[in-house]
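Reminder, nothing fancy here: chain letters follow the sequence lines and each chain counts from 1. Hydrogens, waters and symmetry mates play no part in the numbers below; they use all other heavy atoms, side chains included. In this text, all values refer to a predicted model and were calculated from it rather than measured experimentally.
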Amino acid sequence: MTQPSDFLSHLNPSQRQAVEHFCGPLLVVAGAGSGKTRALTYRIAGLVQTHRVNPENILAVTFTNKAAREIRERIEKLFAQQQALNDYGAALETLKPYEQTRLKTHVYKTFTKHLWIGTFHSLFSRILRFDIDKYADEKGRKWQRNFSIFDESDVQSLIKDIVVNKLNLDDKKFEPKSVRYAISNAKNQGLSPQDFEREQPNFRGRVIAEVYSYYEDALAANNALDFDDLILIPVQLFRQNEQVLAYWHNQFRHILVDEYQDTNRTQYDLIRLLVTNGASSFSFNNWQNRSIFVVGDADQSIYSFRMADFKILMGFQQDFGDGLRDDDTRTMVKLEENYRSTENILQLANHLIENNTERIDKVLRPTRGAGEPVFCHRSDDEIAEAEFVVQQIRNLERLNPELHWGKFAVLYRTNAQSRPIEESLVRWGVPYKVVGGLRFYDRKEIKDVLAYLRTIANPADTVSIKRVINTPRRGIGKATIDSLDAAAQQLGIPLWEILKDETSVKTLAGRSVKNVLNFAQIIQTWQGQVETLPASQIVQGVMEDSGYIQDLKEQSTEESEERLKNVLELYNAVLQFEEENEDASLSTFLASASLASDLDDLTEEQSRVSLMTLHASKGLEFPIVFLVGLEQGLFPSFRSLDDPSALEEERRLCYVGITRAQERLFISYARERRLYGTREFATPSIFLSELPRELLQTNTATALPAQRQKVSEKTTGTASRGLGQKARGQADPSRSPSGTSSGTRSAKPWEVGDRVLHEKFGQGQITHVFENGKTLAIKFPDQGIKVIDPKLAVLERAK
DNA sequence: AGACGCAAGGTTTTT
DNA sequence: CCTTGCGTCT
């Protein structure tokens, strides 16, 4: 295209240094509002245009779909602008709409489509769709390319099932939630079940290791992965198969990582493997046509509870860089000019964060005027606080024509704090939205439909089958499902193998045979179409055939109407997905649905006040920001009060909150707050005492008091009451390999290994005997395994 | 199979 | 205080 100098002129010297970087390592320390996305996008554009790098060789990793989308769109726009100058000699904006569209399509087809931009999870799930069949874990567990991705609730119930039913343990003592957390942490540190077990000194740890191992069995049996696996398995695959690693190492010559402070150990390992091809990173020195470019800000590291480790960012210089000091290094650039906030707001942020010890020296430099003073407000309680916020919003909106509701944000530490604010907003008729509430893909009806689709895409996915087999109600009760499932488990085959076999169903399903067969028929029909029909048609077909739509229509309650609407919304999402992805298939759609936090909210609400947690606010900006609930024990959270590094993370969270504000910032706290039903006196947050008085305007003459450390007492109320008393229904078949058969022609009981002759299926061999011979599993050479009732079938001994 | 009642537990949660 | 989930009852 044209000379890159065109767009370099939009950059300050530090940004330019980052963007002009070609090969080798570079750490970009990018303060809040310093234009890091700009640096990232311009650099990618520069790689392609100036250095003629093939877009397919560029891997840009983010943590959110939103960030990935933003980068992609901005690159597209950048290219389109260049192309406009080339083709028309005019700015893109001055062209006719259809000319703009033509340009953008062209740019997409020739450049952006080929870039590997996405989240860690989506990019590496894509890689696993190519290569997971080359992987086996240390116990030999294998997965296929049509794997399902289990969400958090699938995973939790799986773990609960293991704790209660497999290990017969008390789920009070081994809460599925905390066991799950431990397993997730293990995976995020790159530990397999065996690795993990070796590290466990005590009983509890070893039990968790056992759960972990069973959990992996269950995932493999379902041909399913959890979120952590999408990172961990590539790492392990790359380590065990050097051809696979070499392939991707060769593919991704230029790797960029956004929000590098949020990477965890496993993600770091993954990046390192791709960069170094498995060579020790310290000795790795071959930067020929290759780069690693990371952007991050240790001061905005707020996800340590999800195993993110900002020390990985702090170690970059030693890991990959030249390790030289700030003035001499050629592998680090700092972006310190802030383009977002007024000087008053920035000074406040700078002062606050200087109270942290663990950081990279960095000061945000203002580029804008001083602005209004930051206002710190004290209220009597949370109701008064909410009232204050809403009155401020109303006044500002009324007095400033340019300030519509969408320019305000209220940020809080915990979701529970939204309620009083919402109530006030409702009372005064101010429109608002709570960001990051219930996710679209977490709705029951959406999960139901997705479970149907997963059943079709991946028949081994027993979790999904069980979810939908009787949804909507089709007369398949618990007893029937248990009997089918028990047989499958004892045979060590997926439930679906039983369901699709008419004979087995007839043997096991009792009164519900017809219903089960109908269900299996529906699924099987659409399975046959997966390769030939577009995903949208399968979705539509299944939703109708399954009676799911019909059922919702018949209910015709307010709730079911809403659900119906959502299901149709999902169908639209599939259509949209097909438009945007030429490799759209049922599997790829399901992956994108599992990895999406929400539907693409393209109707960017301009007319509502935004309410969200501080965590959810990262990466966003608003002209007017309210930061509420600045009280000890709330913010900072009581769990951080006795842990210095946790307290520093809370402080970073506060720093994130402050730096969201562009024009005006309001901070507030209450003297008394309702918490879990009881009113409690509140102490002003320690963070307030760290803000310079002269930058604050207050509503009280009272100086903000020095904070008193209040350690709330944690209620420990788990009286465990012995082991779980759940009856375990089945006799162990291995204890009674033979049984008595009443209605067969043979007096001698059937045994495993017996050769039989079946009236219809011919020669076969018994592989299992259930419940003293009431039913048999017989393997026929052509028909596979069938579960058969010897009382109903004409069965002879064969030799 | 569905509704109702009670007990427990309640930071944050990009994927 | 309020929400969620499970178990029991009909």
Hey, can you tell me if H121(A) and F227(A) have their rings parallel, tilted or perpendicular (30° and 60° cut-offs)? perpendicular
Does OP1 or OP2 of dT12(B) have a side-chain N or O of N415(A) closer than 4.0 Å? yes
Should K177(A) be listed as having a side-chain N or O under 4.0 Å from OP1 or OP2 of dG5(C)? no
Is the ring pair F120(A)/F124(A) parallel, tilted or perpendicular, if the boundaries are 30 and 60 degrees? parallel
OH of Y441(A) versus C1' of dT14(B): gap in Å, rounded? 16 Å
Give me the atom names and distance for the closest heavy-atom approach of D461(A) to S148(A). OD2-OG, 2.7 Å
Round to a whole Å and report the spacing from CG of L230(A) to C1' of dT14(B). 14 Å
Between I71(A) and I117(A), the two heavy atoms sitting closest are CG2-CD1, 4.1 Å
Any idea how Y303(A) and F305(A) line up, ring-wise: parallel (<30°), tilted (30 to 60°), or perpendicular (>60°)? tilted
Is dT11(B) syn or is it anti, if syn means the base angle is within 90 degrees of 0? syn
Of the non-hydrogen atoms in E382(A) and R674(A), which two are nearest, and what is the gap between them? OE1-N, 3.2 Å
Name the nucleic acid region contacted by F635(A), choosing base, sugar-phosphate or nothing; use a 4.0 angstrom heavy-atom cut-off, strictly under. nothing
Counting any heavy atom closer than 4.0 Å, what does R673(A) reach on the DNA or RNA strands: base, sugar-phosphate only, or nothing? nothing
Send over the distance from D262(A) CG to dT15(B) P, rounded to a whole Å. 12 Å
On DNA chain B, more 5' by nearest nucleotide between I302(A) and K478(A) is K478(A)
Polar atom pairs between nucleotides 8-10 of chain C and protein, under 3.5 Å, N or O only, would you list them?
none

Residue pair I149(A) / R454(A): nearest heavy atoms and the distance that separates them: O-NH1, 3.0 Å
Just N and O in the side chain of R639(A): are any of them under 4.0 Å from OP1 or OP2 of dT11(B)? yes
Report all interatomic pairs (protein N or O, nucleotide N or O of nucleotides 1-3 of chain C) with separations under 3.5 Å.
from	atom 1	to	atom 2	distance (Å)
dC2(C)	O3'	R419(A)	NH2	3.2

Is any N or O donor-acceptor pair between the side chain of R306(A) and the base of dT12(B) shorter than 3.5 Å? no
Checking dA1(B), dT15(B), dT12(B) against the side chain of H615(A) (C-beta onward), the nearest is dT12(B)
How close or far is atom P of dT14(B) from atom CD of E259(A), stated in whole angstroms? 14 Å
Classify the side-chain pair N185(A)/Q189(A) by whether it contains a donor and acceptor separated by less than 3.5 Å. no
Can you confirm whether or not the ring centre of F635(A) sits under 6.0 Å from the ring centre of F687(A)? yes
Measure the distance from CD on E175(A) to C1' on dG10(B) and round it to the nearest whole Å. 12 Å
Give a yes/no on whether any side-chain N or O of T62(A) is located under 4.0 angstrom from OP1 or OP2 of dT14(B). no
Considering every strand and a 4.0 Å limit on heavy-atom distances, what is the contact class for N65(A): base, sugar-phosphate, or nothing? sugar-phosphate
Rounded to the Å, how far apart are R652(A) CZ and dT11(B) C1'? 15 Å
Counting the atoms with a prime plus P, OP1 and OP2 as sugar-phosphate, which does E650(A) contact under 4.0 Å by heavy atoms, base, sugar-phosphate, or nothing? base
Value in whole Å for how far the P atom of dT4(C) lies from CG of D442(A): 13 Å
Is the aromatic ring of F305(A) within stacking range of dT12(B), meaning centres under 5.5 angstrom and planes under 30 degrees? yes
CZ/R439(A): more than 12 non-hydrogen atoms of other groups inside 6.0 Å: yes
Could you tell me how far dT12(B) sits from dG5(C) if I compare only their C1' atoms? Round to whole Å. 23 Å
Sole residue of Q261(A), K311(A), E649(A) in side-chain hydrogen bond (donor to acceptor under 3.5 Å, both in side chains) with S304(A): E649(A)
For a quick check of understanding: with a heavy-atom distance under 4.0 Å over all strands, which category does T414(A) fall into, base, sugar-phosphate or nothing? sugar-phosphate
d(CD, Q267(A); C1', dT14(B)) in whole Å: 10 Å
5'-most contact on DNA chain B: K618(A) or N470(A), nearest heavy atom basis? N470(A)
Please pick, from dG9(B), dT13(B), dT15(B), the nucleotide with the shortest atom-to-atom distance to any side-chain atom of K172(A). dG9(B)
